[in-house]
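A short write-up of the structure that comes next.
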4 protein chains.
Amino acid sequence: MSMTDTAPARPDAESAKRRDIIDGARRVFFDKGFDGASMDEVARAAGVSKATIYVYFGSKEELFEALVQNDRARSAEHLFEVDPSIDNVEALLRRIGVSFMTMMVQPDHIKLIRMVIAVAEKFPRVGRTFFDAGPCHGGQRLAELLRRQADLGRLELDDDLAAAYMFFNMCQSNAVKGLLFGVGEQPSAAQIEEHVDRGVRAFLATYGARS
Amino acid sequence: MSMTDTAPARPDAESAKRRDIIDGARRVFFDKGFDGASMDEVARAAGVSKATIYVYFGSKEELFEALVQNDRARSAEHLFEVDPSIDNVEALLRRIGVSFMTMMVQPDHIKLIRMVIAVAEKFPRVGRTFFDAGPCHGGQRLAELLRRQADLGRLELDDDLAAAYMFFNMCQSNAVKGLLFGVGEQPSAAQIEEHVDRGVRAFLATYGARS
Amino acid sequence: MSMTDTAPARPDAESAKRRDIIDGARRVFFDKGFDGASMDEVARAAGVSKATIYVYFGSKEELFEALVQNDRARSAEHLFEVDPSIDNVEALLRRIGVSFMTMMVQPDHIKLIRMVIAVAEKFPRVGRTFFDAGPCHGGQRLAELLRRQADLGRLELDDDLAAAYMFFNMCQSNAVKGLLFGVGEQPSAAQIEEHVDRGVRAFLATYGARS
Amino acid sequence: MSMTDTAPARPDAESAKRRDIIDGARRVFFDKGFDGASMDEVARAAGVSKATIYVYFGSKEELFEALVQNDRARSAEHLFEVDPSIDNVEALLRRIGVSFMTMMVQPDHIKLIRMVIAVAEKFPRVGRTFFDAGPCHGGQRLAELLRRQADLGRLELDDDLAAAYMFFNMCQSNAVKGLLFGVGEQPSAAQIEEHVDRGVRAFLATYGARS
DNA sequence: AATGAATGAGTCTTCATTCAT
DNA sequence: CATGAATGAAGACTCATTCAT
């Protein structure tokens, strides 16, 4: 610890250049993966010099983490923009399930998950950032929705959050796992609907209000 | 002098040295991850020279693939060594569910999944090798068991395989996903039982024979 | 609009900002060494922008040189503020020797010497600046004092300056050299007195008036 | 601490290539200084690849330290190869003093000292290595010689080592210091002899046996 | 078959310096 | 006069891979 150390003062967290860099980083990281991407390429893709990147981000991981943080919201955002006119548990679940699965199987989403998992061991913060913003947050949002339905007497829940996770899991079949391992094709909308349909039926069989 | 001698063919696929190398590789890969492991370390851990590794394996990825192939069976093997005296769908599911989850949350298993996923994009064969031997094969085995129960009138299945995947998914809660992202601790036996219990109940509610 | 305004001449050599910069530079350079210090840190420590530094100083070395020049006097200044009542060669030498050695072994002084030496090859002017103001000037001052004593018949000198250097060297033992190489601790006052004592005795044995 | 860590096994400490590398390093380091020299240049000068250097030496400092260690002996070696026929304190001192000063003012020696001092703060081991092998060892060797003379009744010493350092210091005048700061020329043999002569006289005046 | 030795290409990161404002 | 922002160039170090033996 030296006495003359002061924080290096990162500029504007909202600057346009910052966004440029993240955009460039997205292109390169998604194309080559975290380890496969070089900061040189990122710089080129972002149209800035490598040194400039380090003005905005302290390291490759920090940049990647910012990217993850930045993209998390976008994905989960409209998962729960449910049409308020839907007054029907089944329709509601179906709607959410399809949104969820459609998002999950996007090639870019799969790649993001892959990268985060690959990096998670060495940089736990990245893993946590993604997990908190993704699965965790999504589970909580769904749990709230389910609770509301339960309060209306349409569902019988013991543990809201567990039920939420259960629903997401019920919809997945083997599709997501397969994509993560690079096996199988991105399922069609019809296939997704099939998976979700099965999930909804299982969920209602389990948690649907009896009588 | 045989005519095929000129080909620089790999030596004995079963040689002891080959196994030594894989053993060393396992130690290092599991410790440092695929990208974090250097061939130098592998060579040291295996007690052979780096050049020797390249006699047996064409590349780092090829070595890793061999490791995955070698270890695949071991994991899933005793998942289905069910006590034939169990004559009860619920007990059977509980037994399999606990075995499954216990295996899944082993730190080494998590690491393996992580590594495979990380490598899957650049080396699809590794992903497929793992997937076929793991989830895929496991699903089929469970599907067979479930079918037998259905034939005994204890379950009502439309799609055996889908039901099998459904069961595995139902047991996972958020535990495995969390570990993959480096969030949360390895669940205790009690917690696993809780997850599995919830899964079994959901499964029976969905697929249980209605009277 | 004066006619000389077009020249990009350095601003006020005495400006307060200039002093601020030198003060910041001192803190950083002494803390991290010349090569270890970055202009960023200097700027931060001085509370100005990096670009401003370049308004006042053409380069890192030039800034360092200004620092050396600025600090030179301060060190040697009170080396020769001898109490005029001291009417005794031995006491006089002892007094000066202790002052000299005490100054020499100050950690900051050692650091300064180190930095200057490190820079001297690539930037000879810095070396000369330091040398002239330090050893050289100190030698001349002492030489004058010695001459006065010689004129009083208390010393027998052939070469005043050589005698002056001789005295300083006689006092050093291995202490300063050790510190320069990072070996050994800063000597205590008692140890310094011992070194000086030995030096004074040697000097008087050599140059003392033989009755 | 990972479980698979093993020492990287540096090859032959005596290999010819190792010497090649040190030779290349010497050329570059002496030419550009420690910080000014790049490993690329060293590699080129040594006629090996950069990676090869790192097979033999763990880091730039380690290489530099090896260089210092390697060169230390050579310098001090023949300082004390005194003609056994010299049976005369004064002649002995004169002989050693001239050898000492001649070595000290060699441009390469000055450069080495400069580099070591410059580096000493960040890499104390280098400083210690040099100091132990140089000044320290030299002082001890001279102390032994002086003791022998004292035992013959030719000198009166209280502290052998202190006397040895004293002698070296007495010979230096301002010559070495000047060179270190890049001021003044390498002194001629005649000038050296003058410095040494003054030193010898001072030493004998101080420590000579008073009949 | 096995290896000791060597390497070319590439990694992330840092820094002194300069404009446009 | 002052600065925020940007950069070109360079640096230490690592690694998967390959020969000659």
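The sequence lines fix the lettering, A, B, ..., with proteins before strands; numbering per chain opens at 1.
Checked by atom type, the side-chain pair D/T129/D/Q69 shows no donor-acceptor distance below 3.5 Å.
Nearer to the 5' terminus of DNA chain E, by closest-nucleotide assignment, is the contact made by B/G47 (compared with the other of C/S59 and B/G47). The nearest heavy atom of DNA chain F to C/S49 and to B/A51 marks one nucleotide each, and the one closer to the 5' end goes with C/S49. Comparing B/F34 and C/V48 by the nucleotide of DNA chain F that holds the closest heavy atom to each, the one mapping nearer the 5' end is C/V48.
Between D/R26 and D/D23 there is a salt bridge, since at least one side-chain N of the basic residue sits less than 4.0 Å from a carboxylate O of the acidic one.
Residue-level contact check: A/A43 touches neither bases nor backbone, having no heavy atom under 4.0 Å from any strand.
An OP1 or OP2 oxygen of F/dA6 is reached within less than 4.0 angstrom by a side-chain nitrogen or oxygen of A/K17. When the side-chain nitrogen and oxygen atoms of B/T52 are compared with OP1 and OP2 of E/dA2, none of them lie within a distance under 4.0 Å. Phosphate contact (OP1/OP2 of F/dT3, side-chain N/O of C/Y54, threshold under 4.0 Å): absent. Applying the 4.0 Å criterion to OP1 and OP2 of F/dC1, one finds that C/Y56 has every side-chain N and O outside that range.
Here E/dC15 presents its P atom at 15 Å from CD of C/E61, a figure rounded to the nearest Å. Taking atom CG on A/D40 and atom P on E/dA9, their separation rounds to 15 Å, with Å as the unit. At whole-Å resolution of the value, CZ in C/R44 and P in F/dT3 are 14 Å apart. Taking atom CD1 of residue D/I53 and atom P of nucleotide F/dG11, one finds them 13 Å apart after rounding to whole Å. Going from atom CG of C/D35 over to atom C1' of E/dA16 covers 12 Å, rounded to whole Å. What separates CZ of A/R18 from P of F/dG4 is a distance of 19 Å, to the nearest Å. If you take CE of A/M39 and P of F/dT7, they are 14 Å apart, rounded to a whole angstrom. The nearest whole Å value for the distance from the CZ atom in A/F57 to the P atom in E/dC12 is 15 Å.
Side-chain to base pairing of B/K50 with F/dT17: one donor and one acceptor N or O lie within less than 3.5 Å of each other. With hydrogens and angles ignored, no donor-acceptor pair under 3.5 angstrom links the side chain of A/K60 to the base of E/dT11.
With a 6.0 Å radius and a threshold of 12 heavy atoms from other residues, nucleotides or ligands, A/K111 has its NZ atom above the threshold.
Within the 4.5 Å cutoff, the side chain of D/D31 has no heavy atoms near those of the D/R27 side chain.
Of the nucleotides present, E/dA20 is the one that pairs with F/dT3 by Watson-Crick or G-U wobble criteria, both distances under 3.5 Å. Remark: E/dC15 base-pairs with F/dG8; criterion is Watson-Crick or G-U wobble with both hydrogen-bond distances under 3.5 Å.
Ring geometry, B/F29 versus B/F34: the interplanar angle falls under 30°, so the pair is classed parallel (tilted spans 30 to 60°).
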